[in-house]
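Here's the structure, in structure tokens; my notes come after.
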Amino acid sequence: MQIRLPDQTSTEHLAAQLAALCTPGDCIALSGGLGAGKSTFARAFLRVLAHDPQMEVPSPSFALVQPYDTSVGPVFHYDLWRLDGPDALYELAWDEACEGIMLVEWPERAEDLLPANALHLTLTSGATEDERFAELTGWPDERLSGVAL
């Protein structure tokens with residue numbers, strides 16, 4: 001499924017829709033280049049699940065993982081850009097995170113440790129500075145049937 005996101009608000013709306021579909025055990029693998037909108041998506045996703053539109057959501061770039069308590073249980077936001085290798089994930093509560101909801105930026109660095117049932121969301125730039133395209137794969141079409149902008 002490909003979705004056109006004409007602006008940041010559309011990216012945030014997509015994040016809210018996907019947050020409503022997530023349950024413990026789900027993983028969203030966020031791919032895209034620097035500035036593609038991964039952090040914008042993650043911030044909106046976490047704010048929806050925490051029921052706090054003003055919640056500060058720092059990038060986990062240096063800590064590599066930031067856990068959150070939400071109404072649906074724990075959510076772990078990973079940024080694997082600086083990961084030394086997939087074996088280092090075990091030091092970052094990876095097994096525990098797999099039981100909660102995971103947002104994983106730079107998921108290719110997790111290699112085969114990424115959950116097999118992950119939703120892969122790839123963001124790419126569009127024709128304008130704010131436009132993005134989101135490609136969603138990995139979940140059945142039926143599960144994504146309510147996602148629309």
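Because only heavy atoms are used, hydrogens play no part in the values below, and waters and symmetry mates are left out as well, while side chains stay in.
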R143 and D26 ion-paired at < 4.0 Å:
yes

List in chain and number order the residues that pass side-chain hydrogen bond (donor to acceptor under 3.5 Å, both in side chains) with [X], two or more places apart in sequence or in another chain; answer none if no residue qualifies.
{"X": "Q8", "answer": "E12"}
{"X": "S71", "answer": "H51"}
{"X": "D87", "answer": "none"}

Gap separating the CG atom of L103 from the CD atom of Q66, nearest 0.5 angstrom
12.0 Å

Partners passing side-chain contact (heavy atoms from CB on, under 4.5 Å) against [X] (at least two apart in sequence or in another chain):
{"X": "S39", "value": "R43, E105"}
{"X": "P86", "value": "E111, L113"}
{"X": "P53", "value": "none"}

Ring pair (Phe, Tyr, Trp, His ring centres under 6.0 Å): pairs with one or both residues in residues 80-100, sequence neighbours excluded:
Y78-W94, W81-W106

So the ring pair (Phe, Tyr, Trp, His ring centres under 6.0 Å) pairs with at least one residue in residues 125-146 (sequence neighbours excluded) are none

I want to check something: taking the side chain as every heavy atom from C-beta on, are I28 and C22 in contact at a cut-off of under 4.5 Å?
yes

By the salt bridge (charged side-chain N to carboxylate O under 4.0 Å, His left out) test, which pairs, at least two apart or in different chains, include something from residues 27-37?
none

Residue pairs passing the side-chain hydrogen bond (donor to acceptor under 3.5 Å, both in side chains) test where at least one lies in residues 112-127, sequence neighbours excluded:
none

Please list all pairs meeting side-chain hydrogen bond (donor to acceptor under 3.5 Å, both in side chains) that have one or both residues in residues 126-138, counting only residues at least two apart or in different chains.
R4-E131

